[in-house]
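Chain letters run A, B, ... following the sequence lines, proteins first and then strands; every chain starts at 1.
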2 protein chains.
Amino acid sequence: MTTAATDKRRVILDAAVRVFARQGFHTCRVSDIADEAGVAYGLVYHYFSSKEQILDTLFLERWDVMLAAIAEADASHRAPEEKLETIAGFIVDSYRHDPELMKVIIVEVTRAANTFGLTHLAKIREAYSGIAAIVAKAQSEGRFRSEVTPEFAAQAFYGSIEQVLTGWIFDSVDVADAELEHAKTMIVDTICRGLERRGLDPAGESA
Amino acid sequence: MTTAATDKRRVILDAAVRVFARQGFHTCRVSDIADEAGVAYGLVYHYFSSKEQILDTLFLERWDVMLAAIAEADASHRAPEEKLETIAGFIVDSYRHDPELMKVIIVEVTRAANTFGLTHLAKIREAYSGIAAIVAKAQSEGRFRSEVTPEFAAQAFYGSIEQVLTGWIFDSVDVADAELEHAKTMIVDTICRGLERRGLDPAGESA
DNA sequence: TCAAACTGACTGACCAGTCAATCGAGGGGG
DNA sequence: CCCCCTCGATTGACTGGTCAGTCAGTTTGA
């Protein structure tokens, strides 16, 4: 039956997340993944053509969901601050839901300028452009000031979030839910204030 | 003479920067470094005890300079915005001066949450704390608002810069000097606006 | 003459990916 | 109802290649 087969594939992927998170992509052995999955070494190669393709799959699975979230936020007819809040929320919630997967994506793909990152450069940039598009629209509507280029704003926004996540990743302790929520607010608050035109105080929400 | 010896050590370190930047730490061979330096394989082990120790040395050399720059900025009696501008300037200038070294430090150390990054976690955090201290002082003086924790502010600030650098690192093209300067201004401008209390417009400098 | 700088062939360990063999579920024929 | 066949799922020993680090020697310069 296809279900059982699909399950094993999934089991391997989930095991890979744990192993990559724990030991790092370059440092771990394929046999570690097989052991973690409780599966024979060879089976890994039945479902994936290489160690790299496993990381590939994990990254694309998640990143495509994020691109969809960004596109959806952009398409909505809400204030730019709210759009950015949705995106920040999505990323923070991704961390809450599966911190190990986020660790792998950030450490092994997003930030790996050599080897692996290059393969997915286009995908990663798609996310920046999506965010930049939201900023550009806000600028043309006069809500955000124009001294800052949308591309830069997108990088500052995404970079802040990724850095905060990285901080959590480095800490070995779990992060409390309240802290996750607070971080989300602080990120959006700080960056939006930095981007907004002065004399414009849209909602007056101060946490 | 010690000079010649020191020179070869330096030659190896400089070659390592180029090789790590081009191929990545995990992917390159020690023989690549020796070849790039125009030196016999064994000589690398005459000066360094392992491949890792080379990366180690490169990171610490540069990071200690940065920590000094942060401490100096903090100690100066200038406005917090100017302190942060000094730091952002230092980092951007580090990139201008040696993009390959910055690539190596960012990609292989700062962002490598596993293996290597852990070794230097304390050093890396020292930088965040230094920045956080500047923010905390600005808050207690009433210049920055207190809703944002200094630790978060430091991460947002540093994360924005690192992300912009990463963008340059990924682009293969050289970045124009004007763009470097503009980026510096945008980073400091955006983040400081995000952190300042409203109704306070210290210098009115808009680029 | 001595020590430090320097050389590069060699070794031992490691590991990604292969492959021949086994298992087991479904189905068709007797 | 049972047996056997087929084919995908599964197994894990094995191979071929790679490379970090060693070491016994050679050169250099004071």
From NE2 of B:H26 across to C1' of D:dA20 the rounded distance in Å is 14 Å
Parallel, tilted or perpendicular: which one describes the rings of B:F20 and B:F25, with boundaries at 30° and 60°? perpendicular
Rounded distance (Å) that lies between atom P of C:dA16 and atom CD of A:Q23: 11 Å
So, is B:H46 close to the C:dC6 phosphate, meaning a side-chain N or O under 4.0 Å from OP1 or OP2? no
Side chains of A:L55 and A:V109, heavy atoms from C-beta outward: is any pair under 4.5 Å? yes
Round to the nearest Å and state the distance from B:F48 atom CZ to D:dA20 atom C1'. 16 Å
OP1 or OP2 of C:dC6 less than 4.0 angstrom from a side-chain nitrogen or oxygen of B:Y47, does that happen here? yes
Looking at B:Y45, I'd like to know whether one of its side-chain N or O atoms comes within less than 4.0 Å of OP1 or OP2 on D:dG21. yes
Among D:dT22, D:dG12, D:dT11, which is the nearest nucleotide to the side chain of B:Y41? D:dT22
Closer than 4.0 Å, any side-chain N/O of A:K51 to the OP1 or OP2 of C:dG17? no
Going by an N to O cut-off under 4.0 Å, is there a salt bridge joining B:D14 and B:R18? no
If you measure only the distance, is there a donor-acceptor pair under 3.5 Å linking the side chains of A:T27 and A:Q23? no
A:L43 CG to C:dA16 C1', straight-line distance once rounded to whole Å: 16 Å
Give one of base, sugar-phosphate or nothing for A:S49, where a contact means two heavy atoms less than 4.0 Å apart. nothing
Side-chain donor-acceptor distances from residues 153-164 of chain B under 3.5 Å, at least two apart:
residue: B:Y158; atom: OH; partner: B:E162; partner atom: OE2; Å: 2.8
residue: B:S160; atom: OG; partner: A:A156; partner atom: O; Å: 3.4
residue: B:S160; atom: OG; partner: A:S160; partner atom: OG; Å: 3.2
residue: B:S160; atom: OG; partner: B:A156; partner atom: O; Å: 2.8
residue: B:E162; atom: OE1; partner: B:R111; partner atom: NE; Å: 2.8
residue: B:Q163; atom: NE2; partner: A:Y128; partner atom: OH; Å: 2.6

Give, ordered by number, those residues of residues 28-39 of chain A having at least one heavy-atom distance below 4.0 Å to an atom of DNA chain C; if nothing qualifies, reply none. A:C28, A:R29, A:V30
In whole angstroms, the gap separating C1' of D:dG21 from CD of B:Q53 amounts to 13 Å
Given D:dT10, is OP1 or OP2 found less than 4.0 Å from the side-chain N or O atoms of A:K8? yes
Within the supplied structure, the quantity of interest is the number of heavy atoms (other residues, nucleotides, ligands) at a distance under 6.0 Å from B:D171 CG; does it exceed 12? yes
Using a cut-off of 6.0 Å, state whether more than 12 heavy atoms not belonging to B:E61 lie near its atom CD. yes
